[in-house]
Amino acid sequence: MSVSLFNTATRTIEAFKPLDPAGRMVKMYTCGPTVYNFAHIGNFRAYIFEDLLQRHLEARGFEVERVMNLTDVDDKTIAGCKKCGVPLADFTAKFKAAFFEDLQALRIKPAAHYPAATAPEYIARMIEMIQTLQSQDVSYKADDGSVYFRIAKFPRYGQLAHLNLDELRPSGRIQNDEYEKEAIGDFALWKAWNADDGDVWWESPWGRGRPGWHIECSAMATALLGPELDIHCGGVDNIFPHHEAEIAQSECVTGRHFSRYWLHCAHLMVEGQKMAKSAGNFYTLRDLLEKGYTGREIRYVLLSVHYRLPLNFTLSGLDAARTALVRIDAWLERLGALAGTVPAAETAAEPAMSRFLEALDEDLNISGALGQLFDWIRDSNRAMDAGQLTPAAAARTLADFAVLNSILEIDADKASIPDAVLGLVQERQAAREGKDWGRSDQLRDAVAALGWQVKDTKQGPQITRI
RNA sequence: GACGGGGUAGCCAAGUGGUAAGGCCGAGAUCUGCAAAAUCUCCGUUCGUGGGUUCGACUCCCGCCCCCGUCUCCA
């Protein structure tokens with residue numbers, strides 16, 4: 001078994017092999033959020049893809065050290081704090097906190113490090129890197145006081161995106177500004193302070209200013225993971241220019257190949273259209289939670305389409321996810337009731353489990369993997385219907401599922417049921433045994449009034465949140 | 001214009017040379033005090049389209065149509 005991944009740099013699926021001579025440690029860098037607003041579900045699609053990647057690598061025996069940066073200074077964060085009339089750090093702190101809450105709601109495994117661009121050690125590192133670039137003559141200070149990277153000095157610029165820079169169509173954004181630059185494609189390493197920046201600035205050898213976006217990632221990635229990464233992830237829209245710029249800066253500074261594998265996640269569409277505030281189809285995670293969907297349902301939807309395909313996000317898709325998850329829950333409850341406290345049979349893992357993992361080995365083929373899971377559920381239910389599954393076999397299946405769930409994290413929330421509800425349900429069971437249906441229905445209403453629903457199943461009452 | 005990603009049942013979506021996984025919806029059955037849920041079964045002669053290669057193509061080749069994205073600080 002080996003894990004294969006599609007590498008944007010080569011446009012092929014390659015066997016994954018980390019730099020670590022022991023083949024165990026994996027250094028992974030993932031471009032994180034710009035904390036000027038609540039993150040939207042498109043952002044989270046990328047983070048969930050990265051989470052799946054990390055968890056599957058771990059299931060396959062790798063040890064993953066992942067970094068996710070927080071961009072807490074750029075045009076948008078500065079504009080935001082000015083509008084609110086608060087200091088930049090106060091403005092971004094709110095969205096950083098919200099971001100971590102959202103990650104938890106979506107069950108995304110925490111990264112090892114969450115460096116913030118404005119942390120003094122990283123600002124210092126950025127300045128140091130720019131100084132190195134300056135000394136190599138691959139960057140220059142322009143008339144406006146900003147420092148730019150001279151892409152003419154880095155012939156490989158454009159290689160990741162497979163762009164021929166001479167053929168780029170100038171877009172509106174670059175036609176009307178940036179005239180201080182030598183070449184239209186040169187990008188800012190250090191942006192000189194201007195009045196719009198207010199009190200957001202740092203001292204540097206080139207005067208007051210702030211770092212460019214690209215150098216932030218290069219500095220944080222190399223500071224925490226060293227000069228050479230195994231995997232660098234992001235959304236497809238980051239390929240050009242952001243990741244090209246990271247490669248150019250980092251490789252000029254370190255003299256090393258920056259990242260061995262580049263993985264990019266496709267965009268998310270909503271109801272068949274590009275998600276945009278103007279189209280009225282823009283969702284933050286919070287918007288969906290308010291509609292009554294759970295983090296796990298949203299996670300399932302974002303997880304269930306292959307990361308390199310555009311994902312068409314719809315509310316009916318969320319409803320479908322809810323139904324599918326209920327089916328998994330029912331299966332697990334049924335297995336649990338059968339297994340009781342019997343230890344798992346000491347047999348090899350279910351063949352379905354091997355097939356599940358093998359599907360994910362192939363560039364995270366999640367559809368194939370989920371297909372295996374549902375086949376497994378049907379076969380297992382059939383066996384239970386026929387009374388052919390032993391408690392030990394059921395326990396075995398549950399043990400295998402735990403491995404699967406360590407990758408997908410889709411099991412039911414372990415909601416703690418209040419004692420008051422449990423008491424009413426017990427009372428109701430007694431009434432039902434006495435065939436006192438009137439009393440039973442009354443108690444069901446009482447439970448509902450507390451926000452819970454009782455369903456009578458073969459295994460006894462099932463209590464869920466309404 | 002350049003560079004990408006797609007078009008498989010009502011919806012979502014695997015497969016990529018040997019005769020269409022899986023999920024949702026829908027239908028039937030089982031279970032059931034009621035309600036709800038659950039379980040099982042069924043549900044495409046066909047893979048955008050026109051050619052070609054082949055004993056055989058959704059899968060390879062050529063042409064065409066349509067959708068989506070990126071093109072200098074959007075995941």
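The figures that follow rest on heavy atoms only: side chains count, while hydrogens, waters and symmetry mates do not. Per chain, numbering begins at 1; letters A, B, ... match sequence-line order.
Using a 3.5 Å distance cut-off with no hydrogens or angles, the side chains of A:Asp74 and A:Thr77 do pair a donor with an acceptor. Side-chain N/O atoms of A:Arg334 and A:Ser380 include no donor and acceptor closer than 3.5 Å. Looking at A:Tyr47 and A:Asp102, their side chains never bring a donor and an acceptor atom within 3.5 Å of each other. Counted by atom type alone, A:Thr284 and A:Asp287 present one or more donor-acceptor pairs between their side chains at under 3.5 Å. With no hydrogens or angles considered, a side-chain donor-acceptor pair links A:Thr71 and A:Asn69 at under 3.5 Å. Residues A:Glu246 and A:Ser218 bring no donor and acceptor atom of their side chains to less than 3.5 Å of each other.
The stacking criteria are not both satisfied for A:Phe374 over the base of B:rG22, which would need a centre-to-centre distance under 5.5 angstrom and an angle between ring planes under 30 degrees.
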Using a cutoff of under 3.5 Å, can you pull out all pairs of nitrogen or oxygen atoms linking the protein to nucleotides 34-38 of chain B, with atom names and distances?
residue: B:rC34; atom: O2; partner: A:Arg444; partner atom: NH2; Å: 2.7
residue: B:rC34; atom: N3; partner: A:Arg444; partner atom: NH1; Å: 3.3
residue: B:rC34; atom: N4; partner: A:Asp456; partner atom: OD2; Å: 2.9
residue: B:rA35; atom: N1; partner: A:Asp456; partner atom: N; Å: 3.4
residue: B:rA35; atom: N3; partner: A:Arg444; partner atom: NH1; Å: 3.1
residue: B:rA36; atom: N1; partner: A:Asp456; partner atom: O; Å: 3.2

Report each atom pair, protein N/O against N/O of nucleotides 41-44 of chain B, whose distance is under 3.5 angstrom.
residue: B:rU41; atom: OP1; partner: A:Arg382; partner atom: NE; Å: 2.7
residue: B:rU41; atom: OP1; partner: A:Arg382; partner atom: NH2; Å: 2.4

Nucleotide N/O to protein N/O under 3.5 Å, stretch nucleotides 5-10 of chain B:
none

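The side chain of A:Phe240 lies closest to B:rC71 when the candidates are B:rC71, B:rG33, B:rA13. With B:rU72, B:rA21, B:rC74 as the candidates, the nucleotide lying closest to the side chain of A:Asp375 is B:rA21.
When the P atom of B:rC67 is taken as reference, atom CG of A:Asn312 falls 16 Å away, rounded to whole Å. Atom CG of A:Asp319 and atom P of B:rC11 are 17 Å apart (whole Å). Here the P atom of nucleotide B:rC24 and the CG atom of A:Leu373 are 11 Å apart, to the nearest Å. Whole-Å rounding puts the A:Asn37 CG to B:rC74 C1' distance at 13 Å. The separation between A:Ile328 atom CD1 and B:rU39 atom C1' is 15 Å, rounded to whole Å. Rounded to a whole Å, the CG atom of A:Leu315 is 16 Å from the C1' atom of B:rC25. In this structure, the CG atom of A:Leu408 is 14 Å from the C1' atom of B:rG23, given to the nearest Å. Here the C1' atom of nucleotide B:rU30 and the CE atom of A:Met384 are 16 Å apart, to the nearest Å.
Within the 4.5 Å cutoff, no side-chain heavy atoms of A:Phe313 are placed close to those of A:Val305.
Checking the phosphate oxygens (OP1, OP2) of B:rG15, a side-chain nitrogen or oxygen of A:Asn365 falls inside 4.0 Å.
Among residue pairs with one or both ends in residues 299-314 of chain A, those qualifying as salt bridge (Lys or Arg N to Asp or Glu O under 4.0 Å) are A:Asp51-A:Arg299, A:Arg308-A:Asp363; sequence neighbours excluded.
Nucleotide B:rU54 forms no Watson-Crick or G-U wobble pair with any nucleotide shown, as no partner meets the under 3.5 Å limit on both distances. Pair assignment for B:rC24 gives B:rG10, based on Watson-Crick or G-U wobble hydrogen-bonding distances that are each under 3.5 Å. For B:rC64, the paired base is B:rG48 (Watson-Crick or G-U wobble, both distances below 3.5 Å). In this structure, B:rC43 forms no base pair with any nucleotide, since neither Watson-Crick nor G-U wobble geometry is met with both distances under 3.5 Å. With a cut-off of 3.5 Å on both pairing distances, B:rU19 has no Watson-Crick or G-U wobble partner at all. Remark: B:rG1 base-pairs with B:rC71. Criterion, Watson-Crick or G-U wobble with two distances under 3.5 Å.
Rounded to the nearest Å, the gap between the C1' atom of B:rC11 and that of B:rG7 is 15 Å.
Mapping A:Ile41 and A:Leu311 onto RNA chain B via the closest heavy atom, the residue that lands nearer the 5' end is A:Leu311.
One distance of note links OG of A:Ser440 with CG of A:Asp445; it measures 9.5 Å at 0.5 Å rounding.
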Task: Full working for side chain to side chain donor-acceptor pair (under 3.5 Å) between A:Asp361 and A:His56 - done: CA-CA 8 Å; A:Asp361 283 344; A:His56 185 246; 3.3 Å; yes
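With sequence neighbours excluded, the residues that form a salt bridge (Lys or Arg N to Asp or Glu O under 4.0 Å) with A:Asp375 are A:Arg378. In this structure, the side-chain contact (heavy atoms from CB on, under 4.5 Å) partners of A:Ser204, at least two apart in sequence or on a different chain, are A:Ile127, A:Trp190, A:Trp206.
Among the candidates A:Phe149, A:Phe187, A:Tyr157, the single residue satisfying the ring pair (Phe, Tyr, Trp, His ring centres under 6.0 Å) test with A:His214 is A:Phe187.
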